[in-house]
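Each chain gets a letter, A, B and so on, in the order its sequence line appears, and its residues count up from 1.
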Amino acid sequence: MSESNISETPKVASNFIKVIINDDLKTNKYDGRVHTRFPPEPNGYLHIGHAKSICLNFGLAKEYAGLCNLRFDDTNPTKEDVEYVDSIKEDVRWLGFDWEDREYFASDYFDRLYELAEQLILKGKAFVCELTQDQMRQYRGTLTEPGINSPFRDRTIDENLELFRKMKNGDFPDGAMVLRAKIDMSSPNVNMRDPIIYRIRRDHHHRTGDKWCIYPMYDFTHCISDSIEFITHSLCTLEFENNRPLYDWFLIELGLYRPQQIEFARLNLNFTVLSKRKLLKLVEDNFVDGWDDPRMPTITGLRRRGYTPEAVRNFAEMVGVAKADSIVDMGMLEFSVRKHLNSTANRAMAVLNPVKIVITNFPEGQKEILEAVNNPEDESKGVRNIPFTREIFIEREDFMEEPQKKFFRLSPGREVRLRYAYIIMCNEVIKDEHGNITELHCTYDAETKSGTSSETRKVKATLHWVSASECFDAEVRLYDNLFMKENPNSVEDGKEFTDNLNPDSLKIISNCKLEPSLRDSNSGDRFQFERLGYFCVDSKHSTLDHPVFNRIVTLKDTWTKIQAKEA
RNA sequence: UGCCCUGUAGUGUAACCGGCAACACGUCUGAUUCUGGAUCAGAAGAGUUCAGGUUCGAGUCCUGACGGGGCAGCCA
């Protein structure tokens, strides 16, 4: 094998869609174009599953030097709203994608769609049907039995045309009749049993207002919209596989340019739900604080939680694209944020559950300024000052009066280092009348200041801390999985998914002690609180007087793992 | 008892026209470390759902089972 032309080795396609595109490029199927689209229905907020689709569609376009449109699939006025189109645009933009001037709405095509429907009638391929919903269901047959033809199937073209025009003009009440494609009532694919193309529905549309009282169905609209936009690869999720023959049928019958529909498996994540209906329920029944609740798997929730677009994009890359349904471990998403934040987030010290330490040999009223590195992974982030005083706070969990094995933090008679400061030794445990620890009395070794070359002593642990007199209070919100079960949808009879909600998914801790430099932080700023995790200034509730930090994700924690194992 | 899709370590994906299964997460060692973080080195873990067949050779091709998912909205 020749090794001389490594640089010319073609990039191996890493998913089945790229294989298809590579092949199409080779055969020049679309003149070398790659043009995708992201087609959300504006009836809900986008979630991490949509992010996968967005990254796929925009990512493919970018990789192949093509284009990706943003198109709102707004053919059902009863469920859609501008609130959602605005949020969708914001979310896609936040993820880092740009559709430039290619912002489309299926409703922009209503005139054209109507015209094409008439064309189908003229071709004898569509008819107006007056069966009631119940009747139509009966006529449709079942999954195992063929359907039977509607008695209205053989109307004349003129009659169909006239009725359809009347439908459009509002001559009939809602639901009185529909326009149907004339395909095959005995098709094993139920989608092909004379599917509905237009229904009468007097509803105010968020864009077209009251111009229409008939609205086209998804199957008719989607393929034609793709065709109008000259899309090459129309990516959608698996549940549309059975609709593909219909997608093709309309375009073939109408003689239109034909994109190809390719289906891939939607994203599933454990410990959460990813269905619009269920997310809507969580919001409407106030199980959460809204669409942007930091526990929600929505893009806006992840954003408020403190996730970065880079992390989400990287995650989408990690999980890949395939046709088999699967459930991705939440741990992968968390890995992805940690990885990004490790290199970008400045470090700071915060004590969530404080216990006071008095350094008995440090002069009262004295304040020493110490220097701390902002990000050990990135020297350019510089340093900051930290005040050191006689009284400080450390984390209550970092002290154990009777240390269990493998615990090598502070305990009586033991030494630990204070991050960026000195080594201290615990001499005395002060308790109240109930036996609760109120203070620890320690002494520090002035020779062990961080960064001094004289310091050679090794201690087993380094603790984070803040000066008791110089720190300030803040509220910290700790988040855990929204659901207790890996699969929240598995419920016993009579229960529903909300019964699997994790009662401890949010813990609000008041009066946490933060180092003074954190005072300058702004909404959305992210930090690593050393030894604790990554945190973000809450964009909704944080104020100067009442700072609120969200925990984005914990640090990888081998200690709790050890503890769990010992137990 | 219809049709469509799908089945590769614990999880998610890869393996070009058949050539002795790779990557990531996770797990476990060890090194290192002023974050029990990060980093570095290494390990374990699948013989590709099963049974046949074709072939010198099959995760890749064929046949048949079995498992999982989807489809009977005037939703998308």
Side-chain angles (χ1 to χ4, degrees), chain A residues 10 12-15 19 22 39-41 43 73-76 78-79 129 131-133 136-138 140-147 174-180 187-193 195-201 214-215 217-219 221-222 236-245 263 265 267 270 276 317-329 331-336 338-339 342-343 347 349 373 376-377 406-409 416-421 423 448 450-451 455 458-464 528-533 554-562:
Chain A
V12 184
S14 57
N15 68 51
V19 172
N22 288 158
E41 183 189 9
N43 69 342
D73 217 334
D74 55 350
T75 57
N76 184 357
T78 54
K79 290 164 61 177
C129 182
L131 252 24
T132 64
Q133 279 195 55
M136 203 172 294
R137 195 180 317 120
Q138 279 170 269
R140 191 157 30 226
T142 68
L143 294 177
T144 53
E145 297 160 315
D174 286 11
M177 53 188 75
V178 295
L179 182 70
R180 292 227 256 167
S187 170
N189 182 345
V190 190
N191 289 299
M192 301 299 272
R193 320 242 260 231
I196 294 171
I197 303 176
Y198 266 92
R199 76 280 212 183
I200 305 173
R201 178 170 298 185
I214 58 171
Y215 291 94
M217 300 288 288
Y218 165 84
D219 288 299
T221 309
H222 204 90
C236 63
T237 43
L238 254 30
E239 66 268 28
F240 292 102
E241 272 168 337
N242 296 327
N243 299 52
R244 185 167 8 112
E263 310 86 11
L267 174 72
N270 58 10
K276 280 188 187 175
E317 189 63 39
M318 278 176 82
V319 302
V321 187
K323 295 199 73 168
D325 338 74
S326 57
I327 302 168
V328 174
D329 196 307
M332 284 214 201
L333 222 205
E334 296 181 342
F335 166 83
S336 191
R338 280 197 197 100
K339 184 180 156 184
N342 177 47
S343 57
R347 315 279 117 132
M349 293 201 281
V373 172
E377 311 287 321
K406 289 190 182 169
F407 179 88
F408 44 81
R409 274 111 95 147
V416 294
R417 171 171 288 285
L418 295 177
R419 182 80 158 149
Y420 296 120
I423 290 177
T448 58
S450 285
E455 169 256 306
K458 293 283 179 214
V459 288
K460 294 263 277 189
T462 298
L463 306 186
H464 63 277
Q528 183 198 99
F529 288 174
E530 297 218 27
R531 305 210 303 134
L532 295 176
T554 60
L555 248 29
K556 205 166 135 190
D557 184 357
T558 46
W559 169 235
T560 39
K561 213 176 287 172
I562 290 169

Legend entry - Nucleotide nearest A:Met332 (side chain, heavy atoms from C-beta), chosen from B:C75, B:U11, B:A38: B:U11
Legend entry - B:G64: pairing nucleotide in any strand, Watson-Crick or G-U under 3.5 angstrom: B:C50
Inset, instruction - Specify the residue among A:Arg419 and A:Lys79 whose closest nucleotide of RNA chain B lies further upstream toward the 5′ end. - result: A:Arg419
Legend entry - Anti versus syn assignment for B:C20, with syn defined as within 90° of 0: anti
Inset, instruction - Look at the side chain of A:Ala324 and decide which nucleotide, out of B:U6, B:C74, B:A72, has an atom nearest to it. - result: B:U6
Legend entry - B:U60 to B:U49 separation - C1' atoms, rounded to the nearest Å: 16 Å
Inset, instruction - Measure from the side-chain heavy atoms of A:Leu143 and tell me the nearest of B:U11, B:C71, B:G36. - result: B:C71
With the criterion being N/O to N/O and under 3.5 Å, what pairs connect the protein with nucleotides 64-69 of chain B, and how long is each?
unit_1	atom_1	unit_2	atom_2	d
B:G69	O2'	A:Asp325	OD2	3.4

Legend entry - For B:C23, the Watson-Crick or wobble partner whose two distances fall under 3.5 Å: B:G12
Inset, instruction - Over all heavy atoms of both residues, which pair between A:Thr554 and A:Arg338 is shortest? Give the atoms and the distance, please. - result: O-NE, 2.7 Å
Inset, instruction - Once you apply the 3.5 Å cut-off to both distances, tell me the Watson-Crick or G-U wobble partner of B:G18, or none. - result: none
Inset, instruction - State, without any angle test, whether A:Arg244 and A:Asn191 hold a side-chain donor-acceptor pair at a distance under 3.5 Å. - result: no
Legend entry - B:G26 to B:A38 separation - P atoms, rounded to the nearest Å: 9 Å
Inset, instruction - Look at the side chain of A:Arg409 against the base of B:G36 and say whether a donor-acceptor pair falls under 3.5 Å; ignore hydrogens and angles. - result: yes
Inset, instruction - Just compare B:G12, B:G36, B:G73 and give me whichever is closest to any side-chain atom of A:Trp559. - result: B:G36
Legend entry - Candidates B:A76, B:U35, B:C3 - which lies nearest the side chain of A:Pro188: B:C3
Inset, instruction - Give none if B:G30 has no partner; otherwise give the nucleotide forming a Watson-Crick or G-U wobble pair with it, both distances under 3.5 Å. - result: B:C40
Legend entry - Gap in Å between the two P atoms, one belonging to B:C61 and one to B:G42, rounded: 35 Å
Inset, instruction - Could you check which nucleotide pairs with B:U35 in any of the strands shown, counting Watson-Crick or G-U wobble with both distances under 3.5 Å? - result: none
Inset, instruction - Write down the atom of A:Lys276, the atom of A:Glu41, and the distance for their closest heavy-atom approach. - result: NZ-O, 3.2 Å
Legend entry - P atoms of B:A21 and B:G47, separation to the nearest Å: 12 Å
Inset, instruction - For nucleotides B:C71 and B:A76, find the distance between their C1' atoms and express it as a whole number of Å. - result: 14 Å
Inset, instruction - Decide, for B:G70, between syn and anti: a glycosidic angle within 90° of 0 counts as syn, anything else as anti. - result: anti
Inset, instruction - Look at the side chain of A:Glu377 against the base of B:U39 and say whether a donor-acceptor pair falls under 3.5 Å; ignore hydrogens and angles. - result: no
Legend entry - Separation between the P atoms of B:C17 and B:C50, rounded to whole Å: 23 Å
Legend entry - Separation of atom NZ in A:Lys458 from atom P in B:U32, rounded to whole Å: 10 Å
Inset, instruction - Taking atom P in both B:G37 and B:A31, compute the distance separating them and give it to the nearest angstrom. - result: 14 Å
Inset, instruction - Using a cut-off of 6.0 Å, state whether more than 12 heavy atoms not belonging to A:Glu317 lie near its atom CD. - result: no
Legend entry - B:C3 - base-pair partner by Watson-Crick or wobble geometry, distances under 3.5 Å: B:G70
Inset, instruction - Tell me whether B:G47 sits syn or anti, counting syn as a glycosidic angle within 90° of 0. - result: syn
Inset, instruction - State, to 0.1 Å, how close A:Ile196 and A:Met217 come at their nearest heavy-atom pair, and which atoms those are. - result: O-CG, 3.3 Å
Legend entry - Nucleotide nearest A:Thr558 when distance is taken to its side chain, options B:C74, B:U13, B:G37: B:G37
Inset, instruction - Write down the distance separating the C1' atoms in B:G59 and B:U48, rounded off to the nearest Å. - result: 5 Å
Legend entry - Touch class at under 4.0 angstrom, heavy-atom based, for A:Tyr218 against every strand present: base
Inset, instruction - For A:Glu145, report the nucleic acid contact type (base, sugar-phosphate, nothing); a contact means any heavy atom under 4.0 Å. - result: nothing
Inset, instruction - To the nearest Å, give me how far apart CD (A:Gln133) and C1' (B:A72) are. - result: 14 Å
Legend entry - Residue pair A:Tyr215 / A:Thr75: nearest heavy atoms and the distance that separates them: CB-O, 3.5 Å
Inset, instruction - Calculate the interatomic distance between A:Glu239 atom CD and B:C4 atom P; express it in whole Å. - result: 19 Å
Legend entry - A:Asn189-A:Ser187 side chain donor-acceptor pair, cut-off 3.5 Å: no
Inset, instruction - Would you tell me whether A:Arg201 and A:Thr78 have side-chain atoms, one donor and one acceptor, within less than 3.5 Å of each other? - result: yes
Legend entry - Heavy-atom closest contact (A:Ala324 atom, A:Ala265 atom, distance): O-CB, 3.5 Å
Legend entry - Earlier contact from the 5' end, RNA chain B, for A:Thr75 and A:Lys561: A:Lys561
Inset, instruction - Can you figure out which of B:C74, B:A24, B:A72 approaches the side chain of A:Val190 most closely? - result: B:A72
